[in-house]
Amino acid sequence: MTAYMTSPVGTVRITGDDAGVSVIACLNEPAESTSPDNLPEPVQQAIAQLTEYFAGTRQTFDFKLNPAGTPFQQRVWHALLEVPFGTSLSYLTLARRLGDEKAIRAVAAANGKNPLWIVVPCHRIIGSDGSLTGYAGGLWRKQWLLEHEGIASGKAAPGQMRLF
């Protein structure tokens, strides 16, 4: 089933079933918000937890995920889940964590195919020079999300990468 919710960065589309949420995407066009009634439990939980995230009261997610992807993409997405709220990594660092810095382009491509926007935090991956490179939802959304998490605004703890 598919549900829609409004957020500070646009309409969020959430698709899933009892096996878990398979897609969370931000749309450029408005859609009417969906009542959580009669939605599968993981979709209901996603709506509630994303609402808390945007309100600034949630930093992690714990509803069931069920994204479709290749084994390599799944590996990259799993590694993204290890990047904590309020921190960022470079694509190169992520590739190194996956065991092959020469796979940086493949890692970046898998990052770009992430179907679970925000929850699998691809927005926390930036260029080695701190630049906001590539984001399927638009760079303005990536910047908003990083600022929301305290990364770009200078609120990140010492030792964490800052963008400005």
Quiz item: So if you build clusters from Ile, Leu, Val, Met, Phe, Trp, Tyr with side-chain heavy-atom gaps below 4.5 Å, do V23 and V21 land together?
Solution: no
Quiz item: CD/Q45 to CZ/F63 distance, rounded to the nearest 0.5 angstrom?
Solution: 8.0 Å
Self-check item: Which atom of Q44 lies closest to which atom of L39, heavy atoms considered
Solution: NE2-O, 2.6 Å
Quiz item: Rounded to the nearest 0.5 Å, how far apart are NZ of K113 and CH2 of W77?
Solution: 9.5 Å
Practice problem: Please report the closest heavy-atom contact between A31 and T11, naming both atoms and the distance. | Solution: N-OG1, 3.4 Å
Exercise. Mind running side-chain contact (heavy atoms from CB on, under 4.5 Å) on T6 and F54 for me, showing each step along the way?
Key: CA-CA 10 Å; T6 57; F54 286 116; over 6 Å; no
Quiz item: If you look at every heavy atom in T133 and G127, which pair is closest and at what distance?
Solution: OG1-N, 3.7 Å
Self-check item: Qualifying salt bridge (charged side-chain N to carboxylate O under 4.0 Å, His left out) pairs with a residue from residues 79-101, counting only residues at least two apart or across chains
Solution: R96-E101
Quiz prompt | Over all atoms of both residues, closest heavy-atom pair of A68 and P115 | solution = O-CG, 4.5 Å
Quiz item: Would I118 and L27 show up in the same hydrophobic cluster when neighbours are defined by side-chain heavy atoms closer than 4.5 Å?
Solution: no
Practice problem: Taking all non-hydrogen atoms of both residues into account, name the closest pair between Q74 and G69 and its distance. | Solution: NE2-N, 3.4 Å
Practice problem: Measure the shortest side-chain to side-chain distance between Y91 and N111 over non-hydrogen atoms and say whether it is less than 4.5 angstrom. | Solution: yes
Self-check item: Stepwise side-chain contact (heavy atoms from CB on, under 4.5 Å) test for R75 and L98
Solution: CA-CA 8 Å; R75 231 176 106 222; L98 289 164; 3.7 Å; yes
Quiz item: Rounded to the nearest 0.5 Å, what separation is found between the OG atom of S128 and the CG atom of L89?
Solution: 10.5 Å
Quiz item: About how many Å separate CG of L146 and CG of L132, when rounded to the nearest 0.5 Å?
Solution: 6.0 Å
Exercise. Return the minimal non-hydrogen interatomic distance between A110 and F72, and the atom names on each side.
Key: CB-CE2, 4.1 Å
Quiz item: Taking a hydrophobic cluster as the set of Ile, Leu, Val, Met, Phe, Trp and Tyr residues connected by side-chain heavy atoms closer than 4.5 Å, whether directly or through intermediates, do V12 and Y4 fall within one such cluster?
Solution: no
Quiz item: In the single-linkage hydrophobic clustering (I, L, V, M, F, W, Y; side-chain heavy atoms under 4.5 Å), do I125 and L92 co-cluster?
Solution: yes
Quiz item: Atom CG in L116, atom CG in N66: separation rounded to 0.5 Å?
Solution: 9.0 Å
Practice problem: Check whether any side-chain heavy atom of L80 sits under 4.5 Å from a side-chain heavy atom of L94, and report yes or no. | Solution: yes
Quiz item: Does T51 have any side-chain contact (heavy atoms from CB on, under 4.5 Å) partners at least two apart in sequence or in another chain, and if so, which?
Solution: M5, I47
Quiz item: How far does CH2 of W144 sit from CG of L139, to the nearest 0.5 angstrom?
Solution: 16.0 Å
Quiz prompt | side-chain hydrogen bond (donor to acceptor under 3.5 Å, both in side chains) pairs, two or more places apart, involving residues 12-31 | solution = T2-T15, N28-R141
Exercise. Applying side-chain hydrogen bond (donor to acceptor under 3.5 Å, both in side chains) between H123 and each of H148, Q143, K142, E149, report the one that passes.
Key: E149
Exercise. For the pair F61 and Y53, name the ring-plane relationship: parallel under 30°, tilted 30 to 60°, perpendicular over 60°.
Key: tilted
